[in-house]
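First up is the structure itself, then whatever we jot down about it.
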Amino acid sequence: LLKIHMQPERVLYVSSQNTSTISPAFANRLEYSKEDKKIVITLHNLWKNDSDTYVCAGVLKNSSSLSVNRSGTMMLVKETEQVYCGNSSWGIYGLTIAVVLLFSALVCCALYRIDVKKYCQKKKPNAVYEDMSYSSRRSTLVR
């Protein structure tokens with residue numbers, strides 16, 4: 001793998017005996033896997049100065065010339081702002097717990113104010129009881 005425009009350099013060299021040489025600029029930022037004639041290369045933690053055109057090239061046996069069969073891949077790395085989020089998750093957890101506790105307290109207070117027993121008890125059927133004994137006695141006296 002070669003960078004060919006901005007700062008030409010050899011990024012990765014893998015021999016047929018599976019020995020590899022990685023550029024110091026890409027140390028700990030490059031991984032590759034080789035299977036038969038296929039090599040998969042992954043670059044991590046890219047920097048702005050990693051922007052360039054990358055090509056895969058092959059060196060023919062008993063020759064010093066490079067064989068490049070494709071035009072390469074142009075990679076443009078934009079600068080981004082890194083945000084450290086290590087302790088911010090504890091703040092989010094704490095805030096969530098506080099909101100849940102306050103909501104629970106609000107619900108409990110609301111249920112305490114409303115007479116819940118009144119709504120949960122079985123209602124007795126409305127019955128009117130009239131004592132007819134006095135009026136019936138009076139009518140017998142009148143007779």
Side-chain angles (χ1 to χ4, degrees), residues 1-140:
L1 180 66
L2 304 171
K3 282 175 69 170
I4 59 171
H5 283 292
M6 306 294 231
Q7 296 173 333
E9 69 176 300
R10 182 189 295 180
V11 176
L12 171 68
Y13 174 78
V14 180
S15 71
S16 58
Q17 290 83 23
N18 272 348
T19 59
S20 64
T21 306
I22 298 174
S23 166
F26 287 91
N28 300 323
R29 301 189 306 131
L30 183 144
E31 293 177 7
Y32 77 94
S33 63
K34 183 178 176 186
E35 187 176 308
D36 296 327
K37 293 182 179 183
K38 181 179 177 181
I39 296 178
V40 176
I41 302 168
T42 306
L43 300 173
H44 300 281
N45 301 324
L46 296 173
W47 302 326
K48 194 172 183 178
N49 62 350
D50 289 332
S51 296
D52 208 327
T53 301
Y54 291 79
V55 295
C56 289
V59 178
L60 299 174
K61 287 184 181 178
N62 302 326
S63 173
S64 61
S65 64
L66 292 175
S67 169
V68 179
N69 61 356
R70 293 202 177 164
S71 59
T73 300
M74 175 64 190
M75 185 165 53
L76 177 63
V77 180
K78 292 184 177 182
E79 198 168 345
T80 60
E81 181 180 329
Q82 280 192 325
V83 179
Y84 178 70
C85 301
N87 291 331
S88 67
S89 61
W90 288 108
I92 292 171
Y93 293 140
L95 183 62
T96 304
I97 290 171
V99 167
V100 168
L101 289 175
L102 287 173
F103 183 73
S104 299
L106 179 68
V107 168
C108 289
C109 288
L111 291 176
Y112 180 75
R113 287 290 206 173
I114 299 171
D115 190 8
V116 179
K117 287 183 182 178
K118 181 171 77 174
Y119 293 106
C120 294
Q121 289 177 346
K122 289 185 179 179
K123 292 184 177 182
K124 296 179 181 175
N126 288 337
V128 177
Y129 176 74
E130 185 178 340
D131 186 8
M132 300 295 286
S133 61
Y134 177 76
S135 62
S136 59
R137 261 191 255 142
R138 201 169 115 201
S139 19
T140 55

Go through the structure and list residues passing side chain to side chain contact (heavy atoms under 4.5 Å, CB included) with [X], not counting sequence neighbours.
X     : result
Ile22 : Leu12, Phe26, Leu30
Thr19 : Ser15
Ile39 : Val14, Tyr32, Lys34, Ile41

When rounded to the nearest 0.5 angstrom, what distance separates [atom1] in [X] from [atom2] in [Y]?
X     : Y     : atom1 : atom2 : result
Met75 : Thr53 : CE    : OG1   : 9.5 Å
Lys78 : Ser51 : NZ    : OG    : 10.5 Å
Glu31 : His44 : CD    : NE2   : 3.5 Å

Open item on the list: Quick check: do Val11 and Tyr54 have side-chain heavy atoms less than 4.5 Å from each other?
Closed with: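 A side-chain contact under 4.5 Å exists here.
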
- [ ] State, yes or no, whether a side-chain contact exists between Val55 and Lys3 at a heavy-atom distance under 4.5 Å.
- [x]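 They are not in side-chain contact.
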
- [ ] Taking all non-hydrogen atoms of both residues into account, name the closest pair between Arg29 and Asn45 and its distance.
- [x]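 Arg29 and Asn45 have their closest heavy atoms at NH1-O, 2.8 Å.
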
Task: Minimal non-hydrogen separation, Leu46 against Leu43, with atom names - done: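 Closest heavy-atom pair between Leu46 and Leu43: CD2-CB, 3.7 Å.
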
- [ ] Give a yes or no on whether Asn28 atom CG has more than 12 heavy-atom contacts from other residues, nucleotides or ligands under 6.0 Å away.
- [x]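 Not more than 12 within 6.0 Å, no.
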
TODO: Would you check if there is a donor-acceptor pair between the side chains of Glu9 and Ser23 at a distance under 3.5 Å?
DONE: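 Result is yes, a qualifying pair exists.
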
